[in-house]
Amino acid sequence: MKIAVIGGTGRIGSQVVDMLNGRGHEAVPHSPSTGLDVLSGQGMPEAMEGADVVVNLTNSPTFDEASFEFFQKSMDNMLQAADAAGVGHAVILSIVGVDLVPELDYYRAKTLQEDLLKAGPVPYTIVRSTQFFEFMDAVMSWTSDEDTVRLPATPVQPIAAADIAAAVAEAAAGAPLQGTRDVAGPEVFTLDELGRITLAARGDSRAVVTDDTAGMFAAIKGDALVPKGEALIAKTSYREWLAR
């Protein structure tokens, strides 16, 4: 199949392109560097030309209210072009529990993206992932100083980016689900526990202080970010990933 990968040069997208091409498909990356502007729609019809599947891995540059406009415009442009080109399957990457966290603008904006896809004219699959291993440094940086890192005790079931890419590639190569597939790592941690594991593995002497008001994830209630039903469980553990 010919598969258009919007955001195909990013962390996940570049791996999805490589995996699909390795399976014999023709996966074509599209991004600003190839002339695609998802907000204006420039280059979108050309990206969809001849495609059997479109995978949208673009992300809002901000986590605030501006993310609503990003997902609204980018999805409208993608779905219009995909429908006009006769694309038979659209895949997006979302977040496990995204509809359970209305306190966060970004999560509500991602829920909007899902809703636009569901209501659109193209058969679809939504892959919902838990938090990336690779984002742990950024999460810790939000509430850290020279001596301490403050993190809430929010339950998470993080996953390696490569395992997420594999799940997205699998979805893109398959038939539309007309539904959602959850994917998660093999272990559940609290976020503060994950911080301690990370710092210890790196020989960082800072202390992790449990603070249920610290950072974006403080807004998460209970275990909203942990899959509740059937989920695809990846094999890579966090300690194994850290040791690489």
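Both backbone and side-chain heavy atoms feed into the values below; hydrogens, waters and symmetry mates do not.
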Option from K2, E26, H89 for which side chain to side chain contact (heavy atoms under 4.5 Å, CB included) with D52 holds: K2

Search all heavy atoms of [X] against all heavy atoms of [Y] and return the closest pair with its distance.
{"X": "T130", "Y": "L225", "result": "CG2-O, 3.6 Å"}
{"X": "L112", "Y": "F68", "result": "CD2-O, 3.9 Å"}
{"X": "G43", "Y": "L36", "result": "C-CD1, 3.6 Å"}
{"X": "G195", "Y": "V208", "result": "C-CG2, 3.8 Å"}
{"X": "Y238", "Y": "E187", "result": "N-OE1, 3.5 Å"}
{"X": "D145", "Y": "T148", "result": "OD1-N, 2.7 Å"}

Residue pairs, two or more places apart or on separate chains, that pass salt bridge (Lys or Arg N to Asp or Glu O under 4.0 Å) and touch residues 69-86: E69-K73

Pairs where residues 163-185 contributes a residue and the test salt bridge (Lys or Arg N to Asp or Glu O under 4.0 Å) is met, not counting sequence neighbours: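 Of all non-adjacent pairs touching residues 163-185, those that pass salt bridge (Lys or Arg N to Asp or Glu O under 4.0 Å) are R23-E170.
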
Side-chain heavy atoms of [X] within contact of [Y], under 4.5 Å:
{"X": "M48", "Y": "M78", "result": "yes"}
{"X": "V96", "Y": "R128", "result": "yes"}
{"X": "L191", "Y": "I220", "result": "no"}

Could you work out, with side chain to side chain donor-acceptor pair (under 3.5 Å) as the rule, every residue matching [X], not counting sequence neighbours?
{"X": "S67", "value": "none"}
{"X": "N21", "value": "none"}
{"X": "S141", "value": "none"}

Would a single hydrophobic cluster contain both [Y] and [X], if residues Ile, Leu, Val, Met, Phe, Trp and Tyr are joined by side-chain heavy-atom contacts under 4.5 Å?
{"X": "L93", "Y": "L117", "answer": "no"}
{"X": "L232", "Y": "V156", "answer": "no"}
{"X": "V226", "Y": "L100", "answer": "no"}

Test item: S74 side-chain N/O and V38 main-chain N/O as donor-acceptor pair under 3.5 Å: no

Quiz: residues 4-20 side-chain donor-acceptor pairs under 3.5 angstrom, not counting sequence neighbours:
{"unit_1": "T9", "atom_1": "OG1", "unit_2": "S31", "atom_2": "OG", "d": "3.4"}
{"unit_1": "S14", "atom_1": "OG", "unit_2": "G10", "atom_2": "O", "d": "2.7"}
{"unit_1": "Q15", "atom_1": "NE2", "unit_2": "R11", "atom_2": "O", "d": "2.9"}

salt_bridge(K228, D223) N-O dist < 4.0 Å: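 Answer for the salt bridge query: yes.
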
